[in-house]
Amino acid sequence: MINRRYLRAALPFLSLAIVLAATFYVQPRTMSYFGLNLMLQYAIPIALATIAQMFIITVNDLDLSIGPFVGLVGCISATLLLNDPLLGILALLACIAAYGLVGALIHIRNLPSIVVTLGLSFVWLGIAVLILPSPGGKAPMWLKAIMSYQTPWVPLPIIAAILIGGIVHVALMTSSFGVIGRGAGGNPKALQRAGWSMLKTKVAMFTIAGFFGVLAGLSLLGLTTSADAHVADRYTLYSIAGVILGGGEFIGGRVSPMGSVVGALTLALAGAFLIFLKISPDWQIGAQGAILIIVLAMRALITGGEARR
Amino acid sequence: MKPALKRLGHQPWLGSFIAATVVWLMTIAFTGGQGGGEILTSALSFGTFTVIVGLGQMMVITTGPGNVDLSIPATMTLSGVIAMKIMNTDEALLLIGILAALSASLVVGVANYILIRLLRIPPIIATLSSSFLILSTAISYGRGIRIKPPPSLAEFATVRYAGVPVVAVAVVALSFLLAIVLKRTIYGRTVLAIGQNERAAWLAGLNVKSVRFATYLLSALFAGICGILQSGFSGGAALNMGDDFLLSSIAVVVIGGTSVAGGKANVPGIWGAALFMYLLVTMLNIFGASPGVRLILTGVMIIAVITMAGGEKASR
């Protein structure tokens, strides 16, 4: 019998392959450098946001504010970073630090992260609206250049996805820091008794999440070239769905960086696929829900025996 | 653990009512006593809708960590659209419309539970995915036509006596009923027991499955009721009518003192929190705050309230 764990780990890749094959079948012209580039370019910010969410989920918390945060980073970058790079960088660093502080607050007061980040989502949106009351601003030239850079042979989004997934995999799955981070989600008490600081771990994980949130905001701005406070509101849901599609669990520090990136790619691709299918716009959202359900149902079937412990 | 002592010294719902009162007093201090009553009336009107969905969300959240119903806004929309379209402003079809809308809501509840139970999808993702499908159904069925509610429904949803909306009174009664159900019935006690320790509840012979099923049904039903009333209140169903309720349904539950870790529900707190949230926005509006400042302060207030209320000690 095939090992269920391997099957489970392979499932995100399998789902991506199926959606990709279906897209190629419906629209063969996408099977090219430009086709893939066009379809997948928005997967980069989604993948980065998903990685940010994954770090939070690793320590058993949930971030409902990542979408507005990505929007805020865009607004800061399209105004402050453009006009006064130093001030812009400081502002972005402050954003990352704020994430770390929130991690500390959640841990010290033992607060439900859902509510705290729910409140935060209003704060991020508010600051973004103050900075940029109506859509506008301009992406810095270098950011546009990076995001529209045409790599030889393999389109940028694919290289970016492999890089992001690979780096985070090495950091989280093979380093001792990563083990502690995942341990904080798996068994916080054991971690504490072993002498590690839960506070430091949580702050570190939240700070890293903030960092990836900033990267997501920057890459999204590089693609859209102008900012809007609400541009990334859906990213909150995308990022959670991406982590779960990628084989992650909400509790227990059980996550997969590569899987999460692949989950994000699947979500981005599913959107393009549905457009190619020419189904009525009324059912676009519904079909996305259906894809989510089908993939997760497959996982339930495959891992059926495992959950019974 | 000292739950009894803690409960006496620290009523979880008190905070939200104090916060609501403080915000209201600050508002009327600013206006010099002008319009205090009117503000309370509209807080009751709008807060009532949040309370209805909040009650359902509270039951779901109480069944334990990870349980949350994200399909409430979509269910509200679907229910409102179906009710308005079937009633078609005709009084005679009022009951049929209500029945159809509530049946559709119950179907949503059943579907959610099937996803969670049979496919073992985490409730957050299950209700999220189903909400996409529900919304598409509503969009496709509603086709963007705005149909007015029958006069009697609009009348019921908006009428007030001495500044007190009738719907608010009805929902207060519903809240009392639910509080009694929670405290005095096997169903209610089971919900709390599952939230405290699902395995222990199961070992004790409680019917975990059917109670959880009933809870998701209840949440969908309340969302359906809210959708119908909201359509009556605002002159028809709109496809975005549920949008605000995604966050607010969760926020009122938690600000009201219900434990997100499950096993501890608080009905009066939902009222306090719903009034607080509405009064806060009203206050910021009256103070003339810009939309940005209003958003920031709303967020800061939510975080401040939950920080002051403090988290529950982790028991697991």
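The chains referred to below are lettered A, B, ... by the order of the sequence lines, with proteins before strands, and numbering in each begins at 1.
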Trainee: For the OG1 atom of Thr137(B) and the CH2 atom of Trp283(A), what is their distance to the nearest 0.5 Å?
Mentor: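 It comes to 3.5 Å.
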Trainee: Closest heavy-atom contact between Val254(B) and Pro112(A)?
Mentor: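 Closest pair (atom of Val254(B), atom of Pro112(A), distance): CG1-CG, 4.1 Å.
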Trainee: Mind checking which of residues 239-248 of chain A sit less than 4.5 Å from chain B, heavy atom to heavy atom?
Mentor: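 Against chain B, the residues of residues 239-248 of chain A that fall inside the cut-off (heavy atoms, under 4.5 Å) are Ile240(A), Ala241(A), Ile244(A).
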Trainee: Looking at Ile131(A), Leu120(A), Val115(A), which one has more heavy-atom pairs under 4.5 Å with chain B than the rest?
Mentor: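 Answer, by heavy-atom pair count under 4.5 Å with chain B: Val115(A).
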Trainee: Holding to side-chain contact (heavy atoms from CB on, under 4.5 Å), I want the full list of residues that pass it with Ser248(B), two or more places apart in sequence or in another chain.
Mentor: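 Ser248(B) satisfies side-chain contact (heavy atoms from CB on, under 4.5 Å) with Thr50(B), Phe245(B), Met277(B) once adjacent residues are dropped.
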Trainee: Using side-chain contact (heavy atoms from CB on, under 4.5 Å) as the criterion, list what pairs up with Leu237(A), not counting sequence neighbours.
Mentor: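 So Leu237(A) forms a side-chain contact (heavy atoms from CB on, under 4.5 Å) with Leu128(B).
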Trainee: Could you give the distance from CG (Leu111(A)) to OG1 (Thr307(B)), rounded to the nearest 0.5 Å?
Mentor: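 These two atoms lie 5.0 Å from each other.
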Trainee: Over all heavy atoms of both residues, which pair between Leu247(B) and Ser121(A) is shortest? Give the atoms and the distance, please.
Mentor: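 Between these two residues, the closest heavy atoms are CD1-OG, 4.4 Å.
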Trainee: Among Ile302(B), Leu119(B), Val300(B), Ile296(B), which residue has the highest count of heavy-atom pairs closer than 4.5 Å to chain A?
Mentor: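 When all of Ile302(B), Leu119(B), Val300(B), Ile296(B) are compared, Ile296(B) has the most.
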Trainee: Under a 4.5 Å heavy-atom cut-off, does chain A meet the side chain of Ile124(B), its backbone, both or neither?
Mentor: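 Contact with chain A: side chain only.
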Trainee: Please state whether the side chain, the backbone, both or neither of Ile293(A) comes within less than 4.5 Å of a heavy atom of chain B.
Mentor: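 For Ile293(A), backbone and side chain are both near chain B.
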Trainee: Measure the spacing between CD of Gln288(A) and CG of Leu133(B) and express it to the nearest 0.5 Å.
Mentor: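 So the gap between those two atoms works out to 10.5 Å.
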Trainee: Ser290(B) and Leu130(A): which non-hydrogen atoms are nearest, and at how many Å?
Mentor: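 Looks like OG-CD2, 3.7 Å.
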Trainee: Considering all heavy atoms of both residues, which atom of Phe122(A) and which atom of Leu295(B) are nearest to each other, and what is their separation?
Mentor: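 Shortest heavy-atom separation between Phe122(A) and Leu295(B) comes out as CB-O, 3.4 Å.
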Trainee: Which atom names give the shortest non-hydrogen contact between Phe132(B) and Arg234(A), and what distance separates them?
Mentor: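 It is CE2-NH2, 3.8 Å.
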Trainee: Scan for side-chain hydrogen bond (donor to acceptor under 3.5 Å, both in side chains) pairs involving residues 267-285 of chain B, sequence neighbours excluded, and state none if there are none.
Mentor: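 Residue pairs with at least one partner in residues 267-285 of chain B: Ser42(B)-Tyr278(B), Ser175(B)-Trp271(B), Asn285(B)-Arg294(B).
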Trainee: For Ser136(B) and Gly286(A), work out which heavy atoms get closest and say how close.
Mentor: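 Heavy atoms of Ser136(B) and Gly286(A) come nearest at OG-N, 2.7 Å.
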Trainee: Which distance, rounded to the nearest 0.5 Å, do you find between the CD1 of Ile61(B) and the CD1 of Ile114(A)?
Mentor: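 With rounding to 0.5 Å, CD1 (Ile61(B)) is 7.0 Å from CD1 (Ile114(A)).
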Trainee: Can you tell which part of Leu105(A) gets under 4.5 Å to a heavy atom of chain B, answering side chain, backbone, both or neither?
Mentor: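 The side chain, not the backbone.
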Trainee: OG of Ser140(B) to CG of Asp282(A): how many Å apart, nearest 0.5 Å?
Mentor: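 Here the rounded value is 5.0 Å.
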Trainee: Taking atom CD1 of Ile106(A) and atom CD1 of Ile303(B), what is their separation to the nearest 0.5 Å?
Mentor: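 Interatomic distance, Ile106(A) CD1 to Ile303(B) CD1, rounded to 0.5 Å: 8.5 Å.
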Trainee: Under a 4.5 Å cutoff for heavy-atom pairs, which residue among Val123(A), Ile285(A), Leu296(A), Ile291(A) has the most contacts with chain B?
Mentor: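 Among the listed options, the one with the most contacts to chain B is Ile285(A).
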